[in-house]
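First up is the structure itself, then whatever we jot down about it.
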Amino acid sequence: MQAQEITPHLFRNEYSKIVAVLCKTFNLKHIEIAEDIAADTFLKASETWALKGVPENPAAWLYTVAKNKTKDYFKRLSTYETRVKQQIIADEELVLPEINFDRQVIADSQLAMIFAVCNPVNSSEAQICLALQILCGFSVHEIAGAFLTKTETIKKRLQRAREVLRNDGFEVSTPNNAEAAARLPSVLTTLYLLFNEGYFSKAPDSYIRKDLCDEAMRLLLLLIENPLTNTSETHALMALMCFQSSRVNARVNADAEVVLLEDQDKSNWDQALIEQGNRHLINAFENGEISKYHLEASIAYWHTAPDPKNKWQNILLMYDSLLLIESSPVAALNRVFAYAKVNGNESAIAEAEKLNLTDHPQYHALLGYLYTGINDTNAIVHYQSAIDLSASNTEKRQLAKAMAKLA
Amino acid sequence: MKEYLLTYRTDYKAMPQMSPEEMQANTQKWMNWIAGVAAEGKLAAQGNRLMPDGKVLKGNGVVSDGPYAEIKESIMGYSIVKADSYDAAVEIAGGCPILNQGGNVEVREINPM
């Protein structure tokens with residue numbers, strides 16, 4: 001292939017920008033209009049660039065074409081309306097709002113679009129799919145790949161989610177202070193889940209996984225750059241994502257197995273991201289607020305800290321606080337792991353068994369780990385339950401390895 | 001599930017002076033315990049600690065410095081837990097660090113209004 005091709009990166013970025021700006025400028029209730037114009041624009045780009053080469057500033061080229069196509073669209077629409085409705089608007093000049101693609105307009109439009117799409121009227125899965133399609137320019141096929149789901153399923157999910165948004169009075173407009181404050185938590189949740197979908201995804205294609213993480217961070221950065229949404233929580237979530245991303249290459253080995261933090265090759269950690277995370281963490285703690293993102297980011301920070309004195313005590317304390325804010329099985333199990341590091345495996349076993357999360361493979365995997373060396377028979381029973389419950393072949397293999405050491 | 005109020009009582013005056021390290025270790029013990037209850041999904045409300053001094057108001061308009069001077073122990077905090085029975089609530093309370101510090105926990109079933 002030659003340099004004329006439209007890179008997926010350019011497509012994803014510019015496509016979602018064009019859609020956001022058009023929706024916001026014309027207050028479109030039907031996002032599909034903007035999507036058609038954006039798609040037409042890229043079609044023209046691929047035809048023209050194949051012949052004449054990629055222009056010096058591809059984005060500016062795309063914006064100009066998008067502007068013209070938008071004008072054409074509205075002209076056609078007005079002609080159609082006058083003819084069909086037989087209204088007499090004699091040669092009246094069509095007055096369109098100025099279409100502007102400067103940096104600020106794009107940023108504002110994208111922010112407005114994030115708020116329009118991350119709407120809790122849809123389930124969080126549906127919101128993530130919508131975000132990937134509308135905010136990140138992913139194809140249905142790519143989304144299906146990330147979710148390990150059939151394309152048809154994703155297509156249906158997206159259609160339903162769009163319908164739900166339309167019925168809820170879909171509007172791409174800059175939220176006011178009160179609206180921003182009210183909706184921000186669910187926006188952050190969606191971006192948090194989007195990131196986790198990438199980070200913890202079992203999809204075999206690691207590029208898709210990393211793309212999801214990068215997209216979540218790109219969208220979050222838009223929130224940080226806007227005074228309306230530049231809150232301590234936003235910074236805390238960004239810090240968390242930076243710390244997690246810094247280890248993305250080290251946390252999975254060549255056999256696609258998850259490597260425990262302490263066993264990871266630290267030279268594989270991305271120092272620049274860790275430092276970026278540190279900066280966001282400092283910002284996050286400036287006004288003394290504490291959210292679950294603050295705590296999760298702090299835990300991730302302690303894991304990256306170079307000389308951690310009282311490391312596990314601090315991590316345990318963070319998990320304690322996290323559970324008091326929001327109790328979840330994953331947090332409860334992670335807390336027991338930290339508890340074991342501080343108080344020893346034996347007392348952690350009692351702490352784990354109190355949770356009684358017998359349906360979770362991670363519960364049994366943890367007990368298998370804790371019982372190892374204390375009561376190997378119990379350890380084997382738990383590892384076996386974990387293997388039976390796990391849905392991932394890689395995980396099953398990894399658990400079987402740990403169990404084989406005991407037999 | 002029912003809810004139970006746990007009231008933590010101790011004799012403030014008898015409590016040994018703690019170094020900052022000991023205080024931190026103490027806080028950690030409390031956090032570990034209460035978070036363990038939360039992890040089990042049995043914490044209805046984390047509750048609060050109380051300052052050692054207070055006022056006691058009587059019907060005759062007399063206000064005295066409290067808490068009740070005639071009782072050595074005073075309430076230092078409270079939480080609300082979820083449990084199926086008194087036995088289960090008492091079992092939860094059994095992990096409270098105050099029991100190792102000469103204090104006690106009163107367990108009372110909440111009678112919703």
Side-chain angles (χ1 to χ4, degrees), chain A residues 290-292 294-296 298-299 302 308-360 362-367 369-370, chain B residues 1-8 18-50 76-101 105 107 110:
Chain A
I290 298 220
S291 66
K292 71 170 198 156
H294 285 81
L295 294 165
E296 287 196 42
S298 301
I299 291 165
W302 278 101
K309 200 182 152 209
N310 298 330
K311 169 177 157 177
W312 285 105
Q313 271 94 333
N314 279 300
I315 291 178
L316 176 58
L317 207 54
M318 299 293 167
Y319 272 121
D320 285 347
S321 311
L322 186 60
L323 281 165
L324 292 176
I325 291 181
E326 190 184 275
S327 183
S328 73
V330 176
L333 291 170
N334 282 332
R335 174 183 170 271
V336 173
F337 186 80
Y339 191 93
K341 292 284 178 192
V342 175
N343 301 308
N345 290 6
E346 201 143 7
S347 62
I349 289 173
E351 203 66 16
E353 285 177 341
K354 273 199 283 183
L355 301 176
N356 206 22
L357 295 165
T358 45
D359 299 340
H360 287 250
Q362 265 67 31
Y363 170 77
H364 293 288
L366 177 65
L367 277 168
Y369 169 84
L370 293 175
Chain B
M1 251 198 225
K2 297 170 194 160
E3 295 197 343
Y4 295 83
L5 176 76
L6 306 189
T7 316
Y8 315 121
M18 286 194 275
S19 69
E21 288 78 20
E22 285 169 330
M23 264 163 74
Q24 204 191 347
N26 190 42
T27 307
Q28 282 193 354
K29 270 189 213 142
W30 276 89
M31 283 296 282
N32 285 174
W33 172 65
I34 200 85
V37 179
E40 290 181 73
K42 292 179 179 168
L43 189 67
Q46 186 184 346
N48 268 307
R49 292 173 295 190
L50 300 176
M76 65 174 283
Y78 61 90
S79 308
I80 298 172
V81 298
K82 289 184 263 190
D84 287 324
S85 64
Y86 255 116
D87 284 350
V90 166
E91 198 188 322
I92 296 172
C96 180
I98 206 166
L99 299 172
N100 298 324
Q101 296 161 345
V105 184
V107 183
I110 287 176

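So that the names make sense, note that chain A is the first sequence line, chain B the second, and so on, each numbered from 1.
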| task | Output the option from B:G41, B:G95, B:G36 having the highest count of non-hydrogen pairs under 4.5 Å with chain A. | result | B:G36
| message | Within a 6.0 Å radius of atom CD on B:Q101, are there more than 12 heavy atoms belonging to other residues, nucleotides or ligands? | response | yes
| task | Can you tell which part of B:Q28 gets under 4.5 Å to a heavy atom of chain A, answering side chain, backbone, both or neither? | result | both
| Can you name the residues of residues 338-352 of chain A that have some heavy atom under 4.5 Å away from a heavy atom in chain B? | A:Y339, A:N343, A:E351
| request: Under the side chain to side chain contact (heavy atoms under 4.5 Å, CB included) rule, what do A:R335 and B:N32 come out as? Steps first, then yes or no, please. | output: CA-CA 9 Å; A:R335 174 183 170 271; B:N32 285 174; 4.2 Å; yes
| task | Flag the one option from B:V37, B:I34, B:L43 with the top tally of heavy-atom pairs under 4.5 Å to chain A. | result | B:I34
| query | So does B:M23 have more than 12 non-hydrogen atoms from other groups sitting under 6.0 Å from CE? | reply | no
| Part of A:S321 within contact of chain B (heavy atom distance under 4.5 Å) | both
| In terms of heavy-atom pairs under 4.5 Å with chain B, which of A:V336, A:D320, A:N356, A:L322 leads? | A:D320
| message | Against A:K354, only a single residue in B:E91, B:E40, B:K42 fulfils side-chain contact (heavy atoms from CB on, under 4.5 Å); can you say which? | response | B:E40
| request: Kindly give the heavy-atom pair with the smallest separation between B:A35 and A:L323, and that separation in Å. | output: O-CD1, 3.9 Å
| note | On a heavy-atom basis, the closest approach of A:S327 and B:A39 is OG-CA, 3.9 Å
| request: Could you please spell out the steps behind the side chain to side chain contact (heavy atoms under 4.5 Å, CB included) verdict for A:L324 and B:M31? | output: CA-CA 9 Å; A:L324 292 176; B:M31 283 296 282; 3.9 Å; yes
